A.B. asks: 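Here's a structure for you.
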Amino acid sequence: MAEPTSLLLGLEGLEVTAVTRGTDRSRVVDVVTADRRAAHCPQCKVASSSVKGHAVTRPRDIRYGDDPIMLRWTKTRYYCVNPACERRSFTESIPQIPPRRRTTTRLRTQIGRDVGEAARSVSEVAASVGVSWPTAHAAFIEHASKVLSTPKPVRVLGIDETRRGKPRWTRDVDGRRWVRVDPWDTGFVDLSGDQGLLGQVEGRTSKAVTDWLTTQSKQFRTEITHVVIDPSAAYAAAVTTELLANATLVVDHFHLIKLANDAVTGVRRRVTFDAHGRRGRKQDPEWANRRRLLTARERLSDRSFAKMWNALIDNDPTSEILTAYIAKEELRALLACAREDADDSEVRRRLYRFYTWCAEANIPELTRLAATIETWWPAILAFVHTGLTNARTEGYNRLVKQVKRVACGFRNTENSRRRIRFHCTRAQRANNQQFHC
Ligand SMILES: [Zn+2]
């Protein structure tokens with residue numbers, strides 16, 4: 001009789017001795033240990049038959065159909081019979097219910113799946129299976145760490161910064177000075193495979209990056225052929241160490257275009273200020289054209305382009321704004337070599353055109369832009385050759401914000417980071433995952 005019920009319970013290592021119905025719809029299932037390995041000392045692994053006593057525990061288990069079941073497990077306590085062992089006594093445990101656990105492994109797996117895969121909130125899942133929030137959350141952590149485990153080697157690694165909320169001011173250690181806390185995170189993304197977000201660390205310093213890289217395996221580090229970063233000196237310094245001996249640095253081109261746009265805006269503001277002695281206003285033609293100035297030429301209609309061009313010719317006697325605009329477009333043409341699969345002579349020609357334009361313009365903002373391009377040129381050339389970008393990372397940043405909005409109850413950074421990584425990784429595998437709380 002015992003065997004079919006044990007089979008029905010399906011908890012390996014336990015044998016059902018009795019089932020009784022409770023007053024509510026619950027059932028009380030009495031079990032004893034049926035795994036001989038449970039009588040082995042966990043420390044020295046020597047089997048014991050010297051019984052010290054018994055203990056009854058009530059581990060939580062999954063529901064049986066609609067009804068909850070209450071396990072009542074009578075465990076045996078043994079003396080360790082090995083005189084060389086430090087352990088005097090021990091209580092039985094089985095893989096389904098490890099020592100000191102008050103939930104079965106299969107219940108924790110179910111909770112982990114409900115929170116993780118079904119994206120339900122921890123409190124809701126905890127209530128539905130009848131455990132506390134910390135127990136349910138611990139089960140999710142266990143599940144997530146199995147799924148997230150250690151990243152497998154990637155060929156192309158993306159490193160990107162994400163802002164985590166607004167800057168805050170806090171007292172420093174001795175409480176005398178105020179210190180600005182810039183809530184930046186650095187994200188690591190698998191740009192060549194399907195692992196999605198590999199990790200996230202606090203800060204955007206060289207050390208934040210090298211620390212993360214150091215925790216990865218040597219194989220992980222040596223198999224990276226390319227690293228795509230924002231044009232940040234801190235990231236570049238971390239990536240060009242011997243940690244990543246085989247990696248070529250690639251700078252993300254969107255950030256370069258942003259630098260060029262910033263130069264155009266800088267020139268526009270300065271010219272306006274010089275002309276009117278004040279900031280730009282709506283009635284100023286260069287202010288009215290500020291968006292067109294930052295739009296790619298091919299995205300402007302001919303009419304729109306002519307309107308901007310003529311307004312700037314008529315209203316900016318220094319013609320510095322147009323000069324900056326053209327420099328920006330020259331840089332874009334240079335970066336477009338990646339898309340157009342241009343040969344090296346064409347790349348050199350466009351680079352030369354950009355440099356001479358900036359040099360002849362003799363405008364401080366453009367001189368600075370050209371100097372930046374020169375500093376980053378090897379990494380820019382690597383982009384032109386490979387076309388690798390962090391565009392995918394930007395997608396994760398959106399996802400990160402979305403998960404943050406729904407992750408109720410995750411006020412702890414570590415917890416929210418785990419949840420974000422879990423979802424980004426999953427979203428990578430099954431696109432268009434929806435979240436609800
Ligand atoms: Zn022992």
Side-chain angles (χ1 to χ4, degrees), residues 1-20 26-64 68-113 115-116 126 129-151 214-219 414-415 418:
M1 195 48 204
E3 258 188 23
T5 24
S6 302
L7 212 58
L8 205 54
L9 182 68
L11 267 176
E12 212 172 306
L14 293 182
E15 198 176 277
V16 178
T17 53
V19 180
T20 42
S26 68
R27 273 165 245 194
V28 180
V29 181
D30 284 295
V31 292
V32 292
T33 317
D35 186 343
R36 280 212 319 253
R37 285 168 300 176
H40 290 228
C41 168
Q43 195 158 338
C44 66
K45 311 290 176 212
V46 170
S48 172
S49 55
S50 172
V51 175
K52 187 186 178 191
H54 295 278
V56 178
T57 56
R58 292 177 177 77
R60 290 270 178 190
D61 194 24
I62 54 174
R63 281 168 177 270
Y64 182 78
I69 58 171
M70 312 293 218
L71 282 182
R72 201 156 57 189
W73 178 23
T74 307
K75 293 202 258 193
T76 307
R77 292 178 63 76
Y78 291 100
Y79 291 107
C80 179
V81 290
N82 177 3
C85 181
E86 286 170 14
R87 188 97 180 221
R88 308 288 293 277
S89 64
F90 61 93
T91 310
E92 290 177 318
S93 71
I94 55 166
Q96 267 297 330
I97 309 167
R100 281 179 297 279
R101 287 288 193 178
R102 288 191 293 184
T103 46
T104 60
T105 301
R106 65 183 183 186
L107 176 63
R108 288 194 306 280
T109 306
Q110 189 198 318
I111 294 170
R113 275 205 214 111
V115 175
V129 298
V131 300
S132 66
W133 193 95
T135 304
H137 187 246
F140 169 65
I141 291 179
E142 203 182 326
H143 179 71
S145 64
K146 260 181 236 152
V147 175
L148 299 175
S149 60
T150 12
T214 313
T215 59
Q216 308 308 311
S217 68
K218 190 157 194 288
Q219 192 203 4
E414 186 58 32
N415 290 348
R418 181 185 303 103

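Whatever order the structure lists ligands and atoms in, that order sets their numbers, starting from 1. From a predicted model like this one, the values you see are computed outputs, not experimental measurements.
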A.B. asks: With a 6.0 Å cut-off (strictly less than), is the heavy-atom count around CZ of R113, excluding the residue itself, greater than 12?
C.D. replies: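 Counting other residues, nucleotides and ligands, CZ of R113 stays at 12 neighbours or fewer.
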A.B. asks: Just one of D30, T20, T17 clears the side chain to side chain donor-acceptor pair (under 3.5 Å) bar with R72, so which one?
C.D. replies: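 With R72 as partner, side chain to side chain donor-acceptor pair (under 3.5 Å) holds for just one option, D30.
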A.B. asks: Does R37 have any salt bridge (Lys or Arg N to Asp or Glu O under 4.0 Å) partners at least two apart in sequence or in another chain, and if so, which?
C.D. replies: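 Checked R37 against salt bridge (Lys or Arg N to Asp or Glu O under 4.0 Å); matches are D35.
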A.B. asks: Near the Zn ion (ligand 1), meaning under 2.8 Å, how many protein N/O/S atoms are there?
C.D. replies: 4
A.B. asks: Look at the rings of H137 and F140 and say which category their plane angle falls in: under 30° parallel, 30 to 60° tilted, over 60° perpendicular.
C.D. replies: tilted
A.B. asks: Could you pull out all residues at least two apart from E12 that satisfy side-chain contact (heavy atoms from CB on, under 4.5 Å)?
C.D. replies: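 Expected list: none.
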A.B. asks: Please identify each residue that fulfils salt bridge (Lys or Arg N to Asp or Glu O under 4.0 Å) with R63, with sequence neighbours left out.
C.D. replies: none
